[in-house]
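When a ligand or atom number is given, it counts from 1 through the structure's own listing order.
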Amino acid sequence: MSRYVVVTDDAALPGRLRSAATGQLDGVVHQWQGARLPVWPADIRNELAEPGDLDVVVLGPGMPLDLALALTTKFEAESPDVAVLLAAPADPGVVLSALRAGARDLLEPDADAPAITALLHRAVGSAGRRRSAPSDQTAPGGRAGRVIAVVSPKGGVGKTTVASNLAIGFAKSAPHGTVLVDLDLQFGDVGSALAITPEHSVYDAVHGPARRDTMVLKTFLSAHPSGLYALCSPDSPAAAAELTGDDVTHLLEQLASQYRYVVVDTAPGLSDHTLAALDKATDFVFVSGPDVPGVRGMRKELDVLAELGMHPLKRHMVLNSADFKAGITLRDVESALGTSIDVVIPHSRAVALSTNQGSPLLYGTARGPATKAFQKLLARFVAPIASPRRYGPRHRIGA
Ligand SMILES: Nc1ncnc2c1ncn2[C@@H]1O[C@H](COP(=O)(O)OP(=O)(O)O)[C@@H](O)[C@H]1O
Ligand SMILES: [Mg+2]
C-alpha cells in the first residue's frame, strides 16, 4: 500500500489524484492539513498516522517554488526513497531546478487522469526501486563513495574522454549516484564533453552556502539525461586562482558522503588541486598516449607520487589512442613505465566524433573496439574494495 501526500491549496488536485490512483494503484491520498507550509520532511510525516508509510509527495500548486525546491532537496538528502513530484508548468528553468533539487518528475497542474496515473506509477516504481537497492543510488549508508581521479602529466591524452565515459558508465548502473567533477579549473571541458551548459561551477560549490550545506551543494550540480551529475569548471580561467587545495579536499569529502561514485577529471600535471584530489581518491586512473615523451612523463609522475607516499587503493593504467604503428609497442611502453598497462584504448574516429558531438561513447549503444575498452575499464571498478587507505597526510610539491 502506497501513501501519497499532496501539499496544495488547489481544491481540485487531491480529488483528481485520488481518482487517478483509484483502481490503478493501491494507496491513499492524504492532503496536507497543517496551517503552515511544511519546511522539513518531518513536518509532512508528522501528519501521518504511520510516519514511515510515505512513497510520493506532490508539492503544489500553491506552494511557492523556492519552498517546494528546498523541501525537495531535503527529501532527496534525508529520504531518497520518497519520490517528490513538483506540480508546476514544465518550463525549462523549472525543470532544471527541479532536477537539481532531486524531484522525480513534474506534474503539469492541468494534467488529465491518464497522465496522472502514469506519473504515479512511475513515482511508486522508482520509490520501490530506491528502497530495495538504496546502495545503488548514493554512497552506502555512512560509508564514503569511491573517488576516482583521472590524471596525466600531459594534456590532450584523453583524461576528459576517459573521465566522462567512466562517469556515464557508472551513472547507467547507479542513476543519481554518480557525479563528475571538472578540476581542470582553467580550461576544463566536461560541459562540452557532455553537451551541457552548466549554470553553476566548482567555484560556486566551494564558496558560499554550498560549502556548509551538502543539500545546497546538490543544487549546484548539472544534470545529464543519463542520470549523471556534473560539476563543471568555472567560465573564467582566472577563477582557478581563487580555489585552494583545501577547497578541493572539502568539496570531494562532501560529494563522497552523498554519491557512490565521484569521478574527478583533472588538468595536466600535479597542481595543488590535483594533489588534493589524489589525496582524497580511492582510485587513480593514469592516462598516457603511446608516445615516448608521454610515457616518460608518466613514469616521472608515478615516481613522484611514490616518493610522496601517495598510493591509491586501486591503480588503473590506461594507454589511450594506441595504434602501435609509430615504432612503439605495448611492451616498450610497459618496460618504460616499469608496470603493466591494464586497459588499451585504440585510436578511434568514433571517440573523436563523440567528443565533438558531446556524447560519450558509453552513453550510446554502438559497440566498437573503443567502447569495449571503456567497458573493460569500467568493469575494474565493479569489485568492491575493503581495505582502508594507507597513505598519510597530504603532501605538496615544492611547498
Ligand atoms: N582513443 C582515441 N581515439 C581518437 N581520438 C581520441 C581518443 N581519445 C581521445 N581522443 C581525442 O583527443 C582529444 C583530447 O582528448 P581529451 O580527453 O580532451 O584529453 P585531455 O583531457 O587529456 O586533455 C579529444 O578531441 C578526443 O576526442
Ligand atoms: Mg581534459
Number of protein N/O/S atoms that sit closer than 2.8 Å to the Mg ion (ligand 2): 1
Aromatic centroids of Phe284 and His316 separated by under 6.0 Å: no
More than 12 heavy atoms of other groups within 6.0 Å of Lys74 NZ: yes
Residues, nucleotides or ligands: over 12 heavy atoms within 6.0 Å of Asp303 CG: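 Buried by this count: over 12 neighbours within 6.0 Å.
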Donor + acceptor pair across side chains of Thr339, Arg299 (<3.5 Å): no
Criterion side chain to side chain contact (heavy atoms under 4.5 Å, CB included) on Leu255 and Leu217, from CA distance to verdict: CA-CA 9 Å; Leu255 292 172; Leu217 171 61; 3.8 Å; yes
Identify the protein atoms, limited to N or O, that lie within less than 3.5 Å of an N or O atom of ligand 1, and list each pair with its distance to 0.1 Å.
{"from": "ligand 1", "atom 1": "1 (N)", "to": "Asn320", "atom 2": "OD1", "distance (Å)": "2.9"}
{"from": "ligand 1", "atom 1": "1 (N)", "to": "Pro346", "atom 2": "O", "distance (Å)": "3.0"}
{"from": "ligand 1", "atom 1": "3 (N)", "to": "Ser348", "atom 2": "N", "distance (Å)": "2.9"}
{"from": "ligand 1", "atom 1": "3 (N)", "to": "Ser348", "atom 2": "O", "distance (Å)": "3.2"}
{"from": "ligand 1", "atom 1": "8 (N)", "to": "Asn320", "atom 2": "ND2", "distance (Å)": "2.8"}
{"from": "ligand 1", "atom 1": "17 (O)", "to": "Thr160", "atom 2": "N", "distance (Å)": "3.3"}
{"from": "ligand 1", "atom 1": "17 (O)", "to": "Thr161", "atom 2": "N", "distance (Å)": "2.8"}
{"from": "ligand 1", "atom 1": "17 (O)", "to": "Thr161", "atom 2": "OG1", "distance (Å)": "2.5"}
{"from": "ligand 1", "atom 1": "19 (O)", "to": "Gly158", "atom 2": "N", "distance (Å)": "2.9"}
{"from": "ligand 1", "atom 1": "21 (O)", "to": "Lys159", "atom 2": "N", "distance (Å)": "3.4"}
{"from": "ligand 1", "atom 1": "21 (O)", "to": "Thr160", "atom 2": "N", "distance (Å)": "2.9"}
{"from": "ligand 1", "atom 1": "21 (O)", "to": "Thr160", "atom 2": "OG1", "distance (Å)": "2.8"}
{"from": "ligand 1", "atom 1": "22 (O)", "to": "Gly156", "atom 2": "N", "distance (Å)": "3.4"}
{"from": "ligand 1", "atom 1": "22 (O)", "to": "Val157", "atom 2": "N", "distance (Å)": "3.1"}
{"from": "ligand 1", "atom 1": "22 (O)", "to": "Gly158", "atom 2": "N", "distance (Å)": "3.0"}
{"from": "ligand 1", "atom 1": "22 (O)", "to": "Lys159", "atom 2": "N", "distance (Å)": "2.9"}
{"from": "ligand 1", "atom 1": "22 (O)", "to": "Lys159", "atom 2": "NZ", "distance (Å)": "2.8"}
{"from": "ligand 1", "atom 1": "23 (O)", "to": "Gly156", "atom 2": "N", "distance (Å)": "2.7"}
{"from": "ligand 1", "atom 1": "27 (O)", "to": "Thr355", "atom 2": "OG1", "distance (Å)": "2.5"}

Shared hydrophobic cluster, Val263 / Tyr363 (ILVMFWY, side-chain heavy atoms < 4.5 Å): yes
CG-CG distance between Leu107 and Leu17, expressed to the nearest 0.5 angstrom: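 Between Leu107 CG and Leu17 CG, I get 6.5 Å after rounding to 0.5 Å.
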Pair Arg211 + Asp247, salt bridge at N-O below 4.0 Å: yes
Where Pro290 and Ala322 come nearest, the two heavy atoms and their spacing: CG-CA, 3.8 Å
